[in-house]
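Counting starts at 1 for both ligands and their atoms, in listed order.
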Amino acid sequence: TFSRSLWDAITEMDEHNRPIHTFQVCHVMEPNQNNWLRSNWIFRQAAQKVYVELRFTLRDCNSIPWVSGTCKETFNLFYYETDESHGVKFKPSQYTKIDTIAADESFTQMDLGDRILKLNTEVREVGPISRKGLYLAFQDIGACIALVSVRVYYKKCPFTLRNLASFPDTVPRVDSSSLVEVRGACVEHAEERDTPKLYCGADGDWLVPLGKCVCSVGYEEMDGACFACRPGFYKAFTGNIKCSKCPPHSFSYGEGAAVCHCEKAFYRAERDPPTMACTRPPSPPRNVVFNLNDTCLQLEWSPPSDMGGRRDLTYNVLCKRCGPEPDQCQLCGEELRFVPRPQGLTNTTVTVMDFSAHANYTFEIESLNGVSKMINYPRPVAAITVSTDQGGPFMVGMLKKDWAAQNSIALSWLEPEQISLLVVDYEVKYYEKEHEELSYSSTRTKAPSVIITGLKPSTCYVFSLRTRTSAGHSAYSPKYEYETTDDTSDMASDQGQVLVIVTAAVGGFTLLIILTLFFLITGRCQWYIKSKMSSDDKRRTNYQNGHALPYPGVKTYVDPDTYEDPTQAVHEFAKEIDPTRIRIERVIGAGEFGEVCSGRLRTLGKREIAVAIKTLKGGYVERQRRDFLREASIMGQFDDPNIIRLEGVVTRSKEDHGNFTSLTGLTDLVVLCAVISGRPVMIVVEYMENGSLDSFLRKHDGHFTVIQLVGMLRGIASGVRYLSDMGYVHRDLAARNILVNSNLVCKVSDFGLSRVLEDDPEAAYTTTGGKIPIRWTAPEAISYRKFSSASDAWSYGIVMWEVMSYGERPYWEMSNQDVILSIEEGYRLPAPMGCPVVLHQLMLHCWQKERSQRPKFTDVVSFLDKLIRNPSSLLALVEDIQGLAESPGEVVDYHMFISIGDWLDSIKMSQYKSSFVAAGFSTLDSVAQMSIEDVRRIGVVLIGHQRRIVSSIQTLRLQLLHENGFHV
Ligand code: ACK
């Protein structure tokens, strides 16, 4: 609707004869024109900014004569915002001017008929607009105009789909420099991965796509939409992946499956991924056999034929004890021990111990895997019945040597009696005696005799035999030792047997008797049953190296305190030395009772040997003298290459020794060492050039090979083995009480402590020498003074640790109380740096809480011997394999350490404080991450220091793990 209009609405025809509606005005002749044309009220809709496009023609004033002065070539465009239509009311004053519109193209002649009309198009922006609508108005001031069209529009970003998200129509901001952020909505069956977004630009263009949606489980992407998986396919995860075929033994019927269901009798364990095939429980184990001896029963079987498609196979063993009738079975009680355990076995063998001697046991062995618990019907088992009575009747008679030759030995035996079961065959096991049981050969025979060939000449072999019946193996027979003949022997050829027979036939029995006698006299190796002699004893025999070593029970240690007169005890076990035979050279240290000097002792054979002389300070009381001499009374009873040797004692006063005066006039040292006034008392022992082990190792930190260290440990263990065989408990094994000679031979010394601990109820915490060696002492000895060779084994483990760490203090600077608590909580010293795994394992073995489980010294010695013979076993270092979770417990309470500085102080490495700080290691957490390279890099050059720091870092690491809820 146009009001007050001099504008004319004129309809013309275009070239296609279609009508064109126009508004025209052309009052060019009259001055002061003011002709308005107004639009209808225009609804704004969502627009904030409106575009107005005008198409019009305008006549050139020059082409019209007589109009100069009045003719115009522009018109004005106005707008007015209102919330509603004002009908015909029109007030020009309310309008705001948008622009003056001029023509780019004006025409000279109004001649539409000739189609010379030139259309102008002009666009103007209006806004921001906030009211509901607006009017447009055109003001003519005396031009000749034809308004052909007015298009009013606004811009928007149109609905779109991008990355599986839809974005609605969006109107841009008026301010063309800022964008509208729009969140997309995921299409059907899709879900947001990262919030999908687009920005709407001022011109209605979508910009900067961000984020996306992905197809849900059971749906896959195709052409920008999500489609359901077909039957037989599944998609278990959201994401733009394709549906997959169902894994073996599973199916999906419908569309859009997220998982495939297992076929009948197939299952998925709780933690099986949906991509995994469905599986089933395994079939039972096969071929169960047993192997029985006096103390243990070993069950063995083959894996099931059908593993059910899984690898997590384990076995459970159920034991029933049965009466004479098969239906009189009861579950076995707790008394039966299974090693490693009855359930969850991963190997196809288990050892059963502590069974009753005359009983029938039925063992049911079940194979299980991750889906076994999905079925509740009885699972098939493999069963075997074992009668523990069988051990005896199985046994064969004596294993007899029929003959021996250079490379072979013939053996025979009596078949077992009273055996109801059928003998399948016999197995003869044999090995070279020298090589112990490390590797052995065996041979089977059906007959009760065998000829073993391929043996070395002049070599002693150990044989033992067992029987196999349909019910399994018997125990091995006792061991028999037989020797092959040597090259030169009359029986040297492999036909020795023939030779004997021929000799016997031809020459009567003379030669045979001579030969027999020869073997009886010289043979180290006549057959004899060694069943009474344990393998430990045997090993010990091997290690004696010619030293007469008493067997336990043969010679035992006698407590000198059982003697009423201690001097009598001393003289029972120690030689009295005439002091003139002693030459004191220098003071080498301070002992508990007085100075320790080194010097020379003239032996009775007039040789001079180096000795150490322990003295008792002057002014002693009788009790001190007795305690001092106790050590000599103890030491004098020992004779072992790894125990410090007592040469003798000086107990008598100079009056007792006629020529003792020769001591007078000696140097001050002698005055110091040998107490001349009063009654001199001295203990003279062999001289150990390298002094005590702890200071020796500290002085030579990092200087020895692992084999050398193991050699030292072997010596110490051998010495303590001797002591324990003698029934002596040392109670104070520690590196400081081990002495080292010039050949690196380690010898146990310091035999004073036992008496002190025994007598004094307070001695658990204080001893005459100071502290009780808490760090070296087994928990049961600390808490209720249960000292034994097993508590010595604990201390030995600590000595091992001291040796492998080159004299580090056990448990570092922890307080005794903390040591006791941490041991109680199950913590154990970690492996020193560079320590072979096997050695740390041995230490941990020595530190078993249960003392009966600690190793015997004889086992320690043979174990260390094996290591020395097979040094490659020492190659694996704890650092190489240290999965922290597997490593043993930890001891240092790092709560004590507040800062890096405190920590370094505690390990006496304060000098590196600034290096740590400079390298940016400022928290204990960051230090816990450091490797040995890091430690080197920050400037710790000395190997000993590196070792100390790294070993403390390992400790720290474990401590931090522990704090974070990790329990060893
Ligand atoms: O570490 P060391 O040099 O070795 O210092 C101590 C000191 O005497 C006090 O006990 C040394 N010592 C003790 N017995 C002997 C010995 N038999 N041979 C050499 N040194 C010894 C020990």
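For Glu686, the closest heavy-atom approach to ligand 1 falls below 4.0 Å.
Closest to atom 19 (C) of ligand 1, if we only count protein heavy atoms, is Met688 O, 3.0 Å. For atom 3 (O) of ligand 1, the closest non-hydrogen atom of the protein is Gly691 CA, 3.8 Å. Counting only heavy atoms of the protein, atom 7 (C) of ligand 1 lies nearest to Gly589 CA, 3.9 Å. Atom 15 (C) of ligand 1 has its closest protein heavy atom at Leu739 CD1, 3.7 Å. Residue, atom and distance of the protein heavy atom nearest to atom 16 (C) of ligand 1 are Ala612 CB, 3.4 Å. From the protein, the heavy atom lying nearest to atom 8 (O) of ligand 1 is Val596 CG1, 3.8 Å. Looking only at heavy atoms of the protein, atom 9 (C) of ligand 1 is closest to Ala590 O, 3.6 Å. Annotation: atom 4 (O) of ligand 1 to nearest protein heavy atom, Ser692 N, 3.1 Å.
Under the 6.0 Å cut-off for aromatic ring centres, Tyr806 and His700 do not qualify, their centroids lying 6.0 Å or more apart. Taking the six-membered ring where the residue is Trp, the centroids of Phe704 and Phe696 are separated by under 6.0 Å.
Annotation for Arg630 and Pro560: closest pair O-CG, 4.3 Å, computed over non-hydrogen atoms. Of all the heavy atoms in Cys846 and Gly797, the pair that sits closest is CB-CA, 3.8 Å. Contact detail for Tyr687 and Ser598: the closest heavy-atom pair is CE1-CB, 3.6 Å.
The N/O atoms of Ser695, backbone and side chain alike, include one that comes under 3.5 Å of an N/O atom in ligand 1.
Both cation-pi conditions hold for Arg736 and Trp776: the charged atom is under 6.0 angstrom from the six-membered ring centre and inside a 45 degree cone around its axis.
Against a heavy-atom cut-off of under 4.0 Å, Val685 is close to the following atoms of ligand 1: 17 (N). Set against the non-hydrogen atoms of Ile588, the atoms of ligand 1 under 4.0 Å away are 19 (C), 20 (N), 21 (C).
Here the side chains of Phe857 and Tyr722 are not in contact, with every heavy-atom distance at 4.5 Å or above.
Of the residues Ile823, Ile782, Leu733, Val799, the one that meets the side-chain contact (heavy atoms from CB on, under 4.5 Å) test with Trp794 is Ile823.
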